[in-house]
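A short write-up of the structure that comes next.
Note on naming: letters A, B, ... go to the chains in the order of the sequence lines (proteins, then strands), and numbering restarts at 1 for each one.
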Amino acid sequence: MSNSFDKPYNPKDVEEKIYEFWEKSGYFAPEAHQPQAGNPNNDKTFTITVPPPNITGSLHLGHALNATIQDILIRKKRMEGYKTLWLPGTDHAGIATQNVVEKDLKKQGISRHDLGKEKFLEKIWEWKEKYGHIILNQFKKLGASMDWSRTRFTMDSGYQEAVKKVFLHYHEKGWMYKAERIVNWCSRCATSLSDLELEYKEIESSLYYIKYPLKDGSGFVIVATTRPETMLGDSAVAVNPKDEKYKPLVGKTLILPIVNREIPIVADFAIDATFGTGAVKVTPAHDFIDAEIGERNKLEIHKIIGQNGRMVPEAGAICEGLKISKCREKVIEKLKELGLLEKEEPYKHNVAVCYRCDTIIEPLPSLQWFLKMDNLAKMAIDEVKSGRIKFHPQKWEGVYLNWLENVKDWCVSRQIWWGHKVPIEGEEDVLDTWFSSALWPFATLGWSSSAEATADKPDSNDFKEFYPTQILSTARDIINLWVTRMIFSGVEFTGKKPFSDVIIHATILTKDGKRMSKSLGTGIDPMTLIEKYGADATRFGLIWQAMGGQDIHWAEEHVMAGKKFCNKIWNATRFVLKQIADCELRITEPQIENQNLTEADKQILEKLKNAKESVSKQTDAFEFGQALHDLYDFFWRDFCDIYIEENKKQNSLPAGRHGGKEILLYVLASSIKLLHPFMPFITEEIWQNLPVENKKALIIESW
RNA sequence: GGGCAAUUAGCUCAGUGGUUAGAGCGCUUCGUUGACAUCGAAGAGGCCACUGGUCCGAUUCCAGUAUUGCCCACCA
């Protein structure tokens, strides 16, 4: 390693070189593990499988924070003598990726249908090669000590085998079933979506009051609706059974306007008597609540909207083929003609939209695969309630449990092209992307593979050796999408929890507390920060702000502070090296009882001991920000401002002292070790320049 | 509608039942020959959101209010 200890510290001279050094030396792989004499951790493994980023784009600050957290844990455990594995990879991300590639093609005026399925999938694989690579490189720039030889993708052939095995297992158990049910349908993506894949958007629309004539000619019942066009599929009008106003009418028959179908007035507790007129039109085919009312009251189902978002023949001749919005106009026009539109009020409400393309979701009946959730949810609940899996901070257990306790069966089939095929003959559907992500902690370790290992089918010894993993660190918004499902999958298929501790890291917001988002232009690219300040400074800035799991209102000045801290460490090292240049010192632990020690010596050794304890404790408790603050204070205040200054004075005394030099070197070297998990590049570079016996690399030095 | 957080220096945030409440950045003044001006020394700047309660004592514990943010639900 070269030597130029110039001022100031320049990360560009160091980072790339150091990363290459680590990679070439093979230190990231568990195979590099060497037992440390007398270390009780020698036989223990420590594994993290990285949450695989979607191949839809590049990493954002949240990924950078999460990767830094995991790297800190892995590096510390590695130094503590554990056999560590941090497994990298990426996720195929079904709909998200399909949509991104479609958009990309659209720029050239091509649709996926122009290409056909096979060619389109080729395009997606090309995309994956390109972006998967970019993402993994970004992890490298950040200093992530991942074992690249074990990189996985959720569509690797070994992984596909695992998905198939899991699906068939559920099917044999009778938990995987096919049924025609009302589902969330995105007409643009032409696929079903789970509830978790929806977003809600407030829109300004109208509340229409429509008169439904009683068959006996005795008057009307007025219903209020935001969706008049769905009246074409009505099979009843419902009122609350306790609603005195309508009690006499329950059981009577109405004539559905335009359609002229006879429909009953039914009583159902789901109706809120205080909203609108207290009477609700019921369209079992196109509304979730109406579907339930329909089931309870054994109502007919009239499907009037097709999967392409247009009206089907059953909607009637005047509306057939129309888009939903056009049909609405038509129905309103017709009702006006008939004198049955009582009034129209402006009304604000939420509509569900597709989380990937923003199209309004249409609930409609469709034949889909469902996974029965009752048993699986119970298992997942039990793992957390029993304390076998712990969330940090603990409050997130509430989010997790609340969702599982109310969960409905999971619609796992998707009518898109990119994804794992539903195994079973003749199926064109693919699986929800989360169905495969759910297997990540064990499918990546070769759980499904046979004894014979190939490049594509990883050695199943990994599964034996590294599963269960220890830590899952992720973002709060995928607790239900992902964490719940990994936990029940792990227990169901391996009989073991997939990890023991779930870290829910801080969400990074803009300075004004808004969500960071690419589309709003409020996102910050971690690579820009690395370019500007260096990776260690970027990691410092991220972790400095990660206090107690609270949201981070992003403030770049902390990254600048990180850069200054790097410079401080660098220059303190220059000073120490200069002091010891004329002696043959080696790093040795000074005896605190040694009578030659000055008061200042004793104090700095005591403070070093405290800093070490505090950093260990805080890191093990996942309080990374606190750990870094403590280290910073120790190094800058106690070591540089106080001890080094004191040391200068002592050295200028005529008698001189040599003991001070030993301690200088010892405290510096110890600090460098403690700082390494947080700021790996600069510390490794410095280590390579210190007089160490049998020097290898700081990354594998003992903590 | 239900839930969870937050509210402390100009900004981003720590912290504590008990004399003078801290850090980073910013600001002011001074200091360049020896690790570092990406620095050092000194300093200004806070009714710790509001109201009430517990207590000898509350920024800290409790209750309520206000504001902000996030999550869940999705009322036609």
- Query: Are A/Trp570 and A/Tyr9 close enough, and set up right, to give a ring-ring contact (aromatic ring centres under 6.0 Å, His included), and what steps lead you there?
  - Reply: CA-CA 6 Å; A/Trp570 192 249; A/Tyr9 174 64; 4.8 Å; yes

- Query: Between A/Phe678 and A/His676, is a ring-ring contact (aromatic ring centres under 6.0 Å, His included) present by the stated rule, with each step listed?
  - Reply: CA-CA 5 Å; A/Phe678 299 85; A/His676 181 257; 10.0 Å; no

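Here the C1' atom of nucleotide B/C25 and the CD atom of A/Gln545 are 11 Å apart, to the nearest Å. The CD-P distance, from A/Glu405 to B/A73, rounds to 14 Å in whole Å. Rounding to whole angstrom units, NZ of residue A/Lys563 and C1' of B/G24 are separated by 17 Å. Separating the CG atom of A/Asn567 from the C1' atom of B/G40 is a distance of 14 Å, rounded to the nearest angstrom. Here the C1' atom of nucleotide B/A23 and the CD atom of A/Glu557 are 12 Å apart, to the nearest Å. Between A/Asp272 atom CG and B/C74 atom C1' there is a gap of 13 Å when expressed in whole angstrom units. What separates NZ of A/Lys281 from P of B/C75 is a distance of 12 Å, to the nearest Å. Remark: C1' of B/A76 and OH of A/Tyr347 are 8 Å apart, rounded to the nearest angstrom.
Less than 6.0 angstrom separates the ring centroid of A/Phe565 from the ring centroid of A/Tyr632.
Contacts of A/Cys566 with the nucleic acid, taken as non-hydrogen atoms under 4.0 Å apart, are absent. No contact: A/Trp403 has no heavy atom under 4.0 Å from any strand. A/Ala561 comes within contact range of the sugar-phosphate backbone alone, with a heavy-atom separation under 4.0 Å but no base atom that close. Contact annotation for A/Tyr632: backbone-only contact, meaning every heavy-atom pair under 4.0 Å involves sugar-phosphate atoms and none involves a base. If you check every strand for non-hydrogen atoms under 4.0 Å, A/His558 touches a base. A/Asp290 comes within 4.0 angstrom of nothing in the nucleic acid, heavy atoms only. Contact annotation for A/Ile289: backbone-only contact, meaning every heavy-atom pair under 4.0 Å involves sugar-phosphate atoms and none involves a base.
Take the nearest nucleotide of RNA chain B for A/Asp287 and for A/Tyr9: the residue whose nucleotide is more 5' is A/Tyr9.
Both the sub-6.0 Å distance and the 45° axial angle are not jointly satisfied by A/Lys563 relative to the ring of A/Tyr533. The cationic atom of A/Arg485 (NZ for Lys, CZ for Arg) lies less than 6.0 Å from the six-membered ring centre of A/Trp410 and within 45° of the ring axis. A cation-pi arrangement is absent between A/Lys242 and A/Phe269 under the rule of less than 6.0 angstrom and at most 45 degrees off the ring axis.
Nearest nucleotide to the side chain of A/Arg476, out of B/C70, B/G34, B/C72: B/C70. Considering only side-chain atoms of A/Pro8, the nucleotide from B/U38, B/U12, B/G40 that sits closest is B/U38. You'll find that the side chain of A/Asn402 is closest to B/C72, out of B/A5, B/C72, B/A41. Side-chain proximity of A/Gln626 to the nucleotides B/C25, B/G15, B/U38 is greatest for B/G15.
For the C1' atom pair drawn from B/U32 and B/A41, the interatomic distance equals 14 Å after rounding to whole Å. Across B/C39 and B/A23, the matching P atoms stand 16 Å from one another, rounded to whole Å. Of the C1' atoms belonging to B/U8 and B/G24, the separation is 15 Å, rounded to the nearest Å. A distance of about 15 Å separates the C1' atoms of B/G3 and B/C74, rounded to the whole Å. Nucleotides B/A14 and B/C50 are separated by 23 Å at their C1' atoms, to the nearest Å. For the P atoms, the distance from B/G57 to B/G18 is 14 Å, rounded to whole Å. Taking atom C1' on both nucleotides, B/A58 is separated from B/G26 by 32 Å, rounded to a whole Å. Nucleotides B/C55 and B/A63, compared at atom C1', are 16 Å apart to the nearest Å.
Atom CD of A/Glu345 sits in a crowded spot, with more than 12 heavy atoms from other residues, nucleotides or ligands closer than 6.0 Å.
Put simply, A/Trp636 has a side-chain N or O that comes within less than 4.0 Å of OP1 or OP2 on B/G40. Regarding contacts with the backbone of B/G40, a side-chain N or O of A/Lys568 is found under 4.0 angstrom from either OP1 or OP2. The shortest distance between the side-chain N/O atoms of A/Lys564 and the OP1/OP2 oxygens of B/G24 is not below 4.0 Å. Contact check, A/His349 against B/C75: no side-chain N or O comes under 4.0 Å of OP1 or OP2. Checking the phosphate oxygens (OP1, OP2) of B/G34, no side-chain nitrogen or oxygen of A/Lys578 falls inside 4.0 Å.
Donor-acceptor pairing under 3.5 Å, judged by distance alone, is absent between the side chain of A/Lys395 and the base of B/A5. At a cut-off of 3.5 angstrom, counting only N and O atoms as typed in the model, there is a donor on one side and an acceptor on the other between the side-chain of A/Glu645 and the base of B/A35. Side-chain to base pairing of A/Asn350 with B/C74: one donor and one acceptor N or O lie within less than 3.5 Å of each other.
Counting heavy atoms from C-beta on, the side chains of A/Thr359 and A/Val353 never come closer than 4.5 Å.
The ring-ring contact (aromatic ring centres under 6.0 Å, His included) check on A/Phe488 picks up nothing, with sequence neighbours excluded.
Base pairing in RNA chain B yields stems of at least 3 consecutive Watson-Crick or G-U pairs, both distances under 3.5 Å, namely B:1-7 with B:66-72, B:10-13 with B:22-25, B:27-31 with B:39-43, B:49-53 with B:61-65.
For the side chain to side chain contact (heavy atoms under 4.5 Å, CB included) with A/Trp434, the qualifying choice from A/Thr484, A/Asn480, A/Leu481 is A/Leu481, the only one to do so.
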